[in-house]
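The structure appears below as structure tokens.
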Amino acid sequence: MKALRLDRQPFQLKLSNYLQLTKPRVVSLIVFCAVIGMFLAVPSGLPDMGVVLAATVGIALVAGAAAAVNCLVEQKIDAVMARTRARPLPRGEVNSFETLAFSGVVGGVGLSMLYHWVNPLTMWLTLGTFIGYAIIYTVFLKPATPQNIVIGGASGAMPPVLGWAAVTGEVSADALLLFLIIFAWTPPHFWALALYRTQEYAKAGLPMLPVTHGAEYTRLQVFLYTLILFAVTVLPFASRMSGWIYLVSAAVLSGMFIVYAWRLMRNYSDELAKKTFRFSLWHLSLLFAALLVDHYVKL
Ligand code: HEM
Ligand SMILES: CC(C)=CCC/C(C)=C/CC/C(C)=C/COP(=O)(O)OP(=O)(O)O
């Protein structure tokens, strides 16, 4: 009995390490946005639940595989930064080959689920998103330019488009509005964090905006992007995709984001930057929840 328990321990540990490689918390919000895209894509009623299930699992697997490739490529950088030093690769809990194999299997299963049970368009778009994040952002953009997260944000913004394509087989203008929301949200989301982690990024040699252009300039950029974000989040109402419930929610949430960014600019503290980063997560989650509620409860 005891031996059996000892045998199970490493397996469970391995499993938990593989799970950590997939950045499960980030991927949950990505998948949440994709699922909402699926529900918004049908004008009334519900989408085909078989497609929703297959697309959700498929997108989650490919996103997790992309995160694992990011961990593989960045293992040396991750070892330098306090925030990432405890990840499985820098700790030596899994090796590069295991990570690559894991990512290949998980990503391959996800893509084939999308191809066979959803539609080829969704598979190709998800593959493009995978390449955008795991290769273009991680390998090329991140070490090269402080605009890395602005350009790389295009991959992170794809999930609602993937959800939309899964259910309708096409990409409509409404889906692109949802893309724009996450695209405009990413810079203030990330730079709020980078402001209180600047030293670590500098130590790791990564050209994040506060490292290359200083804190003051970054705080101004965060503020300007929250203004853009406010305008972009109003667009689903302006284009009549969403109604009043959404508009009020979007105005309150994006207004609060502007207030956070304004306070960051006027009276900076690391504590406030942390709060702003945490608020960014609430902002996007509640905004997408509001899109869904509004879709089914028309006022
Ligand atoms: C290029 C785009 C992005 C960059 C550079 C970025 C960067 C980051 C970083 C560095 C963290 C880690 C915070 C920490 O460890 O304390 C983080 C956390 C997080 N990000 Fe992003 N992010 C991006 C896009 C996204 C997108 C598109 C989503 C979801 C739609 C997202 C959702 C999250 C969530 C949920 C967390 C919290 C994770 C946790 O609590 O462990 N991010 N982001
Ligand atoms: C559907 C699909 C294939 C999606 C893939 C897109 C994807 C996983 C985006 C995640 C964005 C993300 C984790 C950014 C973290 O930045 P970072 O990697 O610079 O953060 P780190 O310093 O924590 O590694």
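First listed ligand is number 1; within each ligand, the first listed atom is number 1.
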In ligand 1, the atoms that come under 4.0 Å of a heavy atom of L284 are 30 (C)
How far apart are the C-alpha atoms of D174 and W164, what are their side-chain angles, what is the distance that settles it, and do they pass the side-chain contact (heavy atoms from CB on, under 4.5 Å) test?
CA-CA 9 Å; D174 283 348; W164 199 286; 3.5 Å; yes
Closer than 4.0 Å to some heavy atom of L162 - which atoms of ligand 2 meet that?
1 (C)
Just to confirm my output: which protein heavy-atom neighbour is closest to atom 11 (C) of ligand 2, and how far is it?
Y133 CE1, 3.8 Å
So which protein heavy atom does atom 2 (C) of ligand 2 come closest to, and at what separation?
T129 CG2, 3.6 Å
Among protein heavy atoms, which sits nearest to atom 23 (O) of ligand 2, and what does the distance come to when rounded to 0.1 Å?
R87 NH2, 2.7 Å
Nearest neighbour in protein (non-hydrogen) for atom 9 (C) of ligand 2
I30 CD1, 3.6 Å
Where on T84 is there a heavy atom closer than 4.0 Å to ligand 1, on the side chain, on the backbone, on both, or on neither?
neither
Ring centres under 6.0 Å, that's the criterion: do H189 and F277 meet it?
yes
Have a look at R83, H189, K142 and point out the one with the heavy atom closest to atom 6 (C) of ligand 1.
H189
Does the N or O separation between R25 and ligand 1 drop below 3.5 Å for any pair?
yes
Is the centre of the W244 ring less than 6.0 Å from the centre of the F237 ring?
yes
Just to be sure I read this right, does ligand 2 sit under 4.0 Å from the backbone of F190, its side chain, both, or neither, counting only heavy atoms?
neither
May I ask which of R83, M81, R25 has a heavy atom nearer to atom 21 (P) of ligand 2 than the others do?
R83
Quick test: of every protein heavy atom, which one is nearest to atom 17 (P) of ligand 2, and how far off is it to 0.1 Å?
K142 NZ, 3.5 Å
Atoms in ligand 1 with a heavy atom of G156 nearer than 4.0 Å:
27 (C)
Strictly by modelled atom types, are S155 and T129 linked by a side-chain donor-acceptor pair under 3.5 Å?
no
Residue-level breakdown please: for F32 versus ligand 1, do any non-hydrogen atoms fall below 4.0 Å on the side chain, on the backbone, on both, or on neither?
neither
Only heavy atoms of Y201, strictly under 4.0 Å: list the atoms of ligand 1 that pass.
10 (C)
Atom 24 (O) of ligand 2 [closest protein heavy-atom partner, distance rounded to 0.1 Å]:
K23 NZ, 2.9 Å
